[in-house]
Amino acid sequence: MASIIGRLGRVPGVGLVVTVIVFYALMGGDAVSGLVIGEASPLVVAVMAGVFGTTPLVLLAERAALLRRGRRKLLRELGAGPLINRMAVSNTFVIPLTLLSLQRLEAFGTVIALMWLGPLAVAILKMAFGTPRRLSGLLWLPLAAPGMLILTRVWEGRADALGVLFAAGAAVCYGNFLYTYGGLGKALGKRVDVAIAESMMRSTAALTALSAIVLTTLAAFGTTVPGITPGSDWLTWRVVGFTCLSGLLTGFVAQVGQNLIFGRGLIKEATFAVLTAVEPTVALSLDWAVLGHTPTGLDLVGAVLVTLAGAGCYYQLEVGGKPPAWLVTWSRNRAAAMRAAARRRDRGGKGDLSA
């Protein structure tokens, strides 16, 4: 299996393909959760999805090394405790905040567009302070501002203040998640899957305990809070099925894909952060296909502007005015072929003269 993955990493463009799969898994999991947040509340859905997604991830991490004796020794050997805890904090809150925002804004594309501010901040940091610096990429960012305004459409009263605040909190968690993931990938390489599984296990345990305390307290006082308290008949096969699918997509498929990207170096951390610019477009397609919300012309314009801003940053960060690698390789091969043909002609001409 390792040799297959190793060969896969050398295939041109495979990192981009895996990245798109990761985005659809992340967005798809949130979209599926959106189908049942009205029945079970965003908090309960987040807990159930976390459990369903974390379980297979922990079981498969280095053949369930985290479930054997010596777990503490293994974590000490990794030497990434602070990074694991930072990621666990983001994992604990990112999904509940996303679903709470979706419940209030009722537009998945808008929520994801606001969340993209987190990865965008990571990309800006890389362009401004990374090596080499790509400050010219910042010139593309003004495109993102009108795109965000069009998607939120504050002049229509669609931008619920609390919903936007929840999305902003999710953006902070998402940005910290990506920044920390890149650090773990550099520090651990192929063993990043163990650290991610440990982080997911800690965050799921924390979210479950926090939710149990909150729900028990509310039940004791007979209080219901929209977005937190589930409905009276929430534990159904429909809720279990959709949260299971959501957890597998977000907590398992997406995490395995990101382990490949960061652990195998398929795409650089900054590149992945910038490529998240396509997420609003992915979210709009899933909003229509899964949640049944038909995007308007303004939604499409906003998604295109935000995507163009990210694409421009990506170009400046990864290409920086240089021709793409495939064109350089083709040009070199073409020049070598022409030189070889010229040498053959020279040898043929000399032969004719000697005759």
side-chain contact (heavy atoms from CB on, under 4.5 Å) between Trp234 and Val36, intermediate numbers included
CA-CA 9 Å; Trp234 64 270; Val36 291; over 6 Å; no
Nearest heavy-atom pair of Ser90 and Asn176: which atoms, and what distance?
OG-ND2, 2.7 Å
Separation of Leu35 CG from Phe242 CZ (nearest 0.5 Å):
5.0 Å
Side-chain contact, heavy-atom cut-off 4.5 Å: Arg202 with Thr92?
no
Sequence neighbours excluded - side-chain hydrogen bond (donor to acceptor under 3.5 Å, both in side chains) pairs with any residue from residues 33-50
Ser33-Ser246, Glu39-Arg238
Heavy-atom closest pair, residues Ser101 and Ala167:
OG-CB, 3.4 Å
Any side-chain heavy-atom pair of Phe23 and Leu286 under 4.5 Å
no
So, taking the atom named CD in Gln258 and the one named CG in Leu184, what distance separates them when rounded to the nearest 0.5 Å?
11.5 Å
Distance (rounded to the nearest 0.5 Å) between Ile228 CD1 and Leu215 CG:
8.0 Å
Cut-off 3.5 Å, side chains only: do Asp30 and Thr98 have a donor facing an acceptor?
no
Go through the steps to decide whether Leu249 and Leu245 satisfy the test side-chain contact (heavy atoms from CB on, under 4.5 Å), and finish with yes or no.
CA-CA 6 Å; Leu249 287 173; Leu245 177 58; 4.2 Å; yes
Here the pair of heavy atoms bringing Leu43 nearest to Leu207 is CD1-CD1, 4.2 Å
Can you hop from Phe177 to Val172 via hydrophobic side chains spaced under 4.5 Å?
no
May I ask you to decide if Val282's main-chain N or O and Ser285's side chain share a donor-acceptor pair within less than 3.5 Å?
yes
Nearest 0.5 Å, what's the CD1-CG distance between Ile95 and Leu99?
7.0 Å
Hey, could you give me the CG/CZ distance between Leu165 and Arg104, rounded to the nearest 0.5 Å?
10.0 Å
Polar side-chain atom of Asn91 near backbone of Ala88 as donor-acceptor pair, under 3.5 Å:
no
Has the side chain of Tyr181 got a donor or acceptor atom that lies under 3.5 Å from a matching backbone atom of Met87?
no
Can you get from Trp288 to Met27 by hopping between Ile, Leu, Val, Met, Phe, Trp and Tyr side chains that sit under 4.5 Å apart?
no
Taking the side chain as every heavy atom from C-beta outward, state whether Pro56 and Leu248 have any pair of such atoms under 4.5 Å apart.
yes
For the side chain of Thr55 and the backbone of Phe52, is there at least one donor-acceptor N/O pair under 3.5 Å apart?
no
Is any side-chain heavy atom of Val301 closer than 4.5 Å to a side-chain heavy atom of Leu305?
yes
d(Ile196 CD1, Thr54 OG1) to nearest 0.5 Å is 11.5 Å
Take Val94 and Met115 through the test side-chain contact (heavy atoms from CB on, under 4.5 Å) and record every step on the way to the result.
CA-CA 10 Å; Val94 66; Met115 281 184 63; 4.1 Å; yes
For Ala40 and Val239, the nearest pair of non-hydrogen atoms, with its separation, is CB-CG1, 3.9 Å
If you look at every heavy atom in Leu83 and Gly183, which pair is closest and at what distance?
CD1-C, 4.0 Å
Which heavy atom in Leu26 sits nearest to a heavy atom in Thr250, and how many Å separate them?
O-OG1, 3.8 Å
Under 3.5 Å: donor-acceptor pair, side chain of Ser199, backbone of Ala195
no
